[in-house]
Number of protein chains: 2
Amino acid sequence: MAKPTKTPPSDAQLEYWLGRNLRRATNAVVADFMEEFAQFDLRPAQFTVLVAVENNPGASGAELSEWMDVPRTNTVVVLRELEDRGLIERSATDQRTQAIALTRKGKELMPRLHAAHARHRRNFDAMMSREEKELLIALLSRIWRPDRAARPAAAQKAKRTRS
Amino acid sequence: MAKPTKTPPSDAQLEYWLGRNLRRATNAVVADFMEEFAQFDLRPAQFTVLVAVENNPGASGAELSEWMDVPRTNTVVVLRELEDRGLIERSATDQRTQAIALTRKGKELMPRLHAAHARHRRNFDAMMSREEKELLIALLSRIWRPDRAARPAAAQKAKRTRS
DNA sequence: TATTGTTATACTCTATAACTATA
DNA sequence: TATAGTTATAGAGTATAACAATA
């Protein structure tokens, strides 16, 4: 059983820590997003909500939250920000539920946002092939959504319920 | 040039957003770390500093920060936390530089921490093969350290200087 | 002049408890 | 009773400016 000669990664080699690489890659992607969206002064979370509203016009805040798979409580803040900026509007469905939709201003802005998002994506296309990027996302999915794991994941604990 | 029939991912499909997958995978890994290290009441950043001190006994705060590739200012806080808990100690090199080392208590704790870290790592071994994990980390490296990109990265902007 | 250590501040996202009002 | 919306708070890391003291 001749082991490969290269030494296995040890705890002393931070460059092989999964969490560290994930954190830094996340920050790099967020930073790039910020650059591309600087002219619009939009954070990733805000853009996500705009896309959710665009794809679910008339939906309630709770429905949007479910669509994004995000706690309601965090959606509230972003919705108010976007409403204050005149990008979305809420109309009463009944006395407690709101129907949320893009305003005219919001609708007019979306194409430019999608273009910025496309640029943002392209900035990472140069770093890896399309196949590599697909595999990357598939592997990331396995991590945070263990149902996606290829093998039976022993690590699947009782934390699958998010609602 | 017959294109593949599957439709390309659109902005409306959040599950293909790189940043979103990165963020969620990061949080999943951090959550798992927290579980394994709950008995020690240690955050990832604290464990990282302990490993840095273990591998650079007598180093200064600035040297540790450079070794970890982290701003000095964030190291300060963690160092004080670890010192308050009696895991590290500082002795004066000169009137402004400190020599940092593990205390006896810290040294005795490290094996248990490495064991917890090993368990933490193993929790993700079940989700992907060793080769897949190596590729994952390689791809993540390309993202946050564009020097690592396989192709000439047009996205390499002037943000490589961290110090 | 440059470096060490420090404080304070601000920023990203995520998550939970607790509350009001309404279906 | 369950749901919609809300507020407040806490937590993970990252990053910058500004300052005092010292090499």
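First the proteins, then the strands, lettered A, B, ... as listed; each starts at 1.
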Does dT22(C) have OP1 or OP2 under 4.0 Å away from a side-chain N or O of Gln98(A)? no
Between Arg43(A) and dC13(C), is there a contact of a side-chain N or O with OP1 or OP2 at under 4.0 Å? yes
By the 4.0 Å heavy-atom rule, please label Asn74(B) as base, sugar-phosphate, or nothing. base
NA contact type, Val30(A), heavy-atom cut-off 4.0 Å: base, sugar-phosphate, or nothing? nothing
Can you tell me which nucleotide in dA15(C), dT4(C), dT7(C) comes closest to the side chain of Pro71(A)? dA15(C)
Kindly indicate, with the supporting measurements, whether the criterion side chain to side chain contact (heavy atoms under 4.5 Å, CB included) is fulfilled by Val51(B) and Met110(B). CA-CA 8 Å; Val51(B) 170; Met110(B) 288 310 292; 4.2 Å; yes
At 4.0 Å (heavy atoms only), tell me whether Arg20(B) reaches a base, stays on the sugar-phosphate, or touches nothing. nothing
Would you say Asp32(B)'s side chain and Ala28(B)'s backbone share a donor-acceptor pair under 3.5 angstrom? no
Electrostatic pair Arg145(B):Asp69(B) at N-O distance under 4.0 angstrom: no
With a cut-off of less than 4.0 Å, is there a side-chain N or O of Arg80(A) near OP1 or OP2 of dT7(D)? yes
Joining Ile, Leu, Val, Met, Phe, Trp and Tyr whenever any side-chain heavy atoms lie under 4.5 Å apart, the cluster holding Val30(B) also takes in Met34(B)
Between the protein and nucleotides 17-22 of chain D, which nitrogen or oxygen pairs are less than 3.5 angstrom apart?
unit_1, atom_1, unit_2, atom_2, d
dT22(D), O2, Arg96(B), NH1, 2.8

Near DNA chain C, counting only heavy atoms under 4.0 Å, which residues of residues 44-65 of chain B show up? Ser60(B), Gly61(B), Ala62(B)
